[in-house]
Amino acid sequence: MNNSNKQRADIETPVYGSQKMRTSAPTEKIPMQPTAPEIAYQMVKDETFPQTQPRLNLATFVTTYMDDYATKLMNESIDVNYIDETEYPRVAVMAARCVNIMANLWNSPEQAQWKAGALAIGSSEACMLGGVAAWLRWRAKRKAQGKPYDKPNFVISTGFQVVWEKFGQLWQIEMRTVPLSLEKTTLDPKDALAMCDENTICIVPIQGVTWTGLNDDVEALDKALDEYNAKTGYDIPIHVDAATGGYILPFLEPEKKWDFRLKWVLSISTSGHKFGLVYPGLGWVVWKDKKYLPDEMAFSVNYLGANITQVGLNFSRPAAQILGQYYQFIRLGFEGYKEVQTNSMEIARYAHEQIGKMKPFVNYSNDVVNPLFIWYMKPEYAKTAKWTLYDLQAALQQSGWMVPAYTLPEKLDNYVVMRIVFRQGMSRDMTDMLLTDMQNAINEFEKLEYPTQTRIAQDKNQKVVGKVFTHTHVKTAKK
Ligand SMILES: *Cc1c(COP(=O)(O)O)cnc(C)c1O
């Protein structure tokens with residue numbers, strides 16, 4: 001048998017009896033010969049086999065559980081390209097309905113049948129679109145006034161998600177950051193306004209700050225901004241990055257004003273694949289009114305009598321997430337979403353309380369306003385502890401849990417914290433298992449005679465700021 005025939009014979013051999021299974025997988029060149037589908041499937045599947053189970057990944061905000069019908073619907077539409085609207089007009093209409101639903105959840109005042117908004121691959125694209133629209137509006141106004149428009153900036157707290165750094169870099173818009181501190185754990189409106197000038201295209205408060213889980217006070221910012229705009233004659237608007245909060249606040253705190261009910265909030269973005277309960281990637285951005293969506297960004301298309309506005313950075317993209325989102329809206333309804341988000345919050349609050357009671361720990365904040373929170377080691381405990389949160393992360397990983405330890409952004413970067421995001425799919429029972437694993441790991445750490453490697457490294461770089469030890473080497477490695 002020549003080599004080719006030998007490989008072909010694999011088709012008849014058991015998967016793990018095949019020649020392929022004792023040959024290394026391709027890393028540089030495409031293999032010359034085909035492989036039987038069962039064997040190819042197993043090889044690819046096995047590549048990912050030792051990874052964390054997605055539902056045990058408590059680091060992510062992104063959906064890791066959908067029911068069987070949602071999964072079936074999404075799998076059945078895996079071959080549909082969203083951008084082929086002529087061929088799949090119903091998908092375009094469905095996306096526009098989802099935009100309407102989001103706009104109304106955020107109390108849009110827009111009267112038009114189809115609200116001004118866009119589908120995105122996630123909050124990143126949605127934030128970009130919101131940011132670009134603010135920049136183009138500012139630029140048009142500056143042009144009309146005969147003023148220079150070459151030095152735009154935007155203002156955000158140091159708790160920004162990395163997409164805003166990308167936005168600044170890619171569009172060359174200066175990012176001005178308001179420092180967070182233990183006294184000011186969210187964006188301070190006064191500090192934000194102190195950074196504004198005639199070149200400020202927008203201020204970006206965050207609902208569900210990725211680092212801490214907290215919400216910036218948009219209502220207070222709006223009020224302060226209203227006075228500021230009246231005084232200066234600028235029209236600085238607000239774009240709310242509601243990646244998490246966009247699907248939490250409407251269901252759990254409908255009275256709280258953070259959305260289009262506020263005067264200067266002209267656009268809001270969110271991640272459909274976070275608490276929108278859809279598998280990745282899906283995001284939404286909505287403008288308060290069509291007039292805030294610059295013409296240069298929007299293309300109007302008429303399908304099935306529906307005049308649909310199209311906006312986006314991508315061209316081709318999967319349609320499955322749109323079907324998944326529309327399914328979730330119908331399947332769960334307002335009450336269903338509320339129940340799911342309530343459970344995530346309740347379980348998060350329960351874990352927050354339990355972790356707060358553990359001897360080594362202190363919670364960063366007393367409130368849990370989104371289903372996630374962070375905690376750190378008590379300074380007194382940290383002084384003599386022979387271990388660090390990085391050791392706890394590694395210990396929990398042995399039971400499959402991914403609970404990340406990291407340092408907070410600048411000014412707070414002496415704080416090593418741990419975070420858990422509670423999503424649909426994390427029950428009270430699983431939380432109890434996790435808490436038990438945590439306590440067991442702590443008990444083992446407390447028996448240590450000698451410090452761990454990360455503790456030794458920490459002591460080497462030791463500097464005491466705010467009485468908490470730094471972890472400089474890890475910080476450097478991350479950057
Ligand atoms: C997750 C997140 C983003 C980025 O969202 P993707 O959906 O992952 O692209 C932006 N801003 C905040 C506040 C986030 O939490």
Side-chain angles (χ1 to χ4, degrees), residues 1-66 71 74-83 120-125 128 161-163 165-166 169-170 210 271 273-274 278-283 313-321 324 390-391 393-407 421 425 453-454 457 473-479:
M1 241 196 279
N2 67 29
N3 206 31
S4 163
N5 284 346
K6 209 154 73 193
Q7 285 185 4
R8 297 251 172 213
D10 276 350
I11 294 163
E12 280 108 50
T13 64
V15 169
Y16 286 103
S18 67
Q19 190 224 12
K20 278 281 158 68
M21 284 298 180
R22 58 187 142 83
T23 318
S24 35
T27 52
E28 284 177 40
K29 288 186 179 159
I30 185 168
M32 283 309 291
Q33 304 297 334
T35 299
E38 301 90 322
I39 298 173
Y41 169 86
Q42 204 60 51
M43 284 176 77
V44 177
K45 187 85 184 169
D46 289 356
E47 281 288 324
T48 62
F49 203 54
Q51 287 182 161
T52 302
Q53 295 296 311
R55 278 174 58 202
L56 299 184
N57 175 6
L58 305 178
T60 187
F61 289 69
V62 174
T63 301
T64 47
Y65 169 86
M66 288 182 85
T71 308
M74 290 181 70
N75 283 340
E76 286 167 1
S77 54
I78 201 163
D79 50 1
V80 178
N81 182 3
Y82 160 76
I83 208 67
I121 206 77
S123 271
S124 299
E125 188 188 2
M128 292 271 180
Q161 207 267 356
V162 66
V163 63
E165 205 166 3
K166 293 183 193 169
Q169 294 282 352
L170 296 178
T210 330
S271 295
H273 57 212
K274 289 185 178 173
V278 180
Y279 287 138
L282 183 69
L313 296 179
N314 288 295
F315 190 66
S316 296
R317 62 147 289 151
Q321 291 81 1
Y390 295 98
D391 296 312
Q393 173 181 324
L396 291 175
Q397 220 159 355
Q398 287 171 14
S399 350
W401 305 108
M402 180 58 219
V403 182
Y406 58 93
T407 51
V421 182
Q453 285 304 315
T454 66
H473 76 289
V474 174
K475 203 178 73 198
T476 326
K478 265 174 99 178
K479 276 185 182 166

Nearest heavy-atom approach of Ile121 to His273 is O-CE1, 3.5 Å
Under the 3.5 angstrom rule, does the side chain of Arg317 hit a backbone N or O of Leu282 as a donor-acceptor pair?
-> no
What are the two closest heavy atoms between Glu38 and Val15, and how far apart are they?
-> CB-CG2, 3.9 Å
Do Gln453 and Asp391 have side chains that get closer than 4.5 Å, going by heavy atoms?
-> no
Straight-line distance of Ile39 CD1 to Lys20 NZ, nearest 0.5 Å = 7.0 Å
Student check: side-chain heavy atoms of Met402 and Gln397 closer than 4.5 Å | yes
Mind running side-chain contact (heavy atoms from CB on, under 4.5 Å) on Leu58 and Val421 for me, showing each step along the way?
-> CA-CA 5 Å; Leu58 305 178; Val421 182; 5.9 Å; no
Do any N or O atoms from the side chain of Gln393 and from the backbone of Ala405 form a donor-acceptor pair under 3.5 angstrom?
-> yes
Walk me through it: do Gln321 and Met74 pass the test side-chain contact (heavy atoms from CB on, under 4.5 Å)?
-> CA-CA 7 Å; Gln321 291 81 1; Met74 290 181 70; 4.1 Å; yes
Asn314 side chain reached by Tyr82 side chain, heavy atoms, under 4.5 Å | no
Under 3.5 Å: donor-acceptor pair, side chain of Thr63, backbone of Tyr279 = no
Which pairs count as side-chain hydrogen bond (donor to acceptor under 3.5 Å, both in side chains) when at least one residue sits in residues 46-57, sequence neighbours excluded?
-> Tyr16-Asp46, Gln42-Asp46
May I ask you to decide if Gly17's main-chain N or O and Arg22's side chain share a donor-acceptor pair within less than 3.5 Å?
-> no
With sequence neighbours left out, the residues meeting side chain to side chain contact (heavy atoms under 4.5 Å, CB included) with Ser123 are Cys127, Ala243, Ser271
Would you give the length of the straight line joining atom NZ of Lys166 to atom CD of Gln161, rounded to the nearest 0.5 angstrom?
-> 7.0 Å
Rounded to the nearest 0.5 Å, how far apart are CG of Asn81 and OG of Ser316?
-> 4.0 Å
Heavy-atom closest contact (Thr407 atom, Tyr390 atom, distance) = CG2-OH, 3.9 Å
Enter the distance from Glu76:CD to Thr71:OG1 here, rounded to the nearest 0.5 Å.
-> 10.5 Å
Could I get the full list of salt bridge (charged side-chain N to carboxylate O under 4.0 Å, His left out) partners for Glu165, not counting sequence neighbours?
-> none
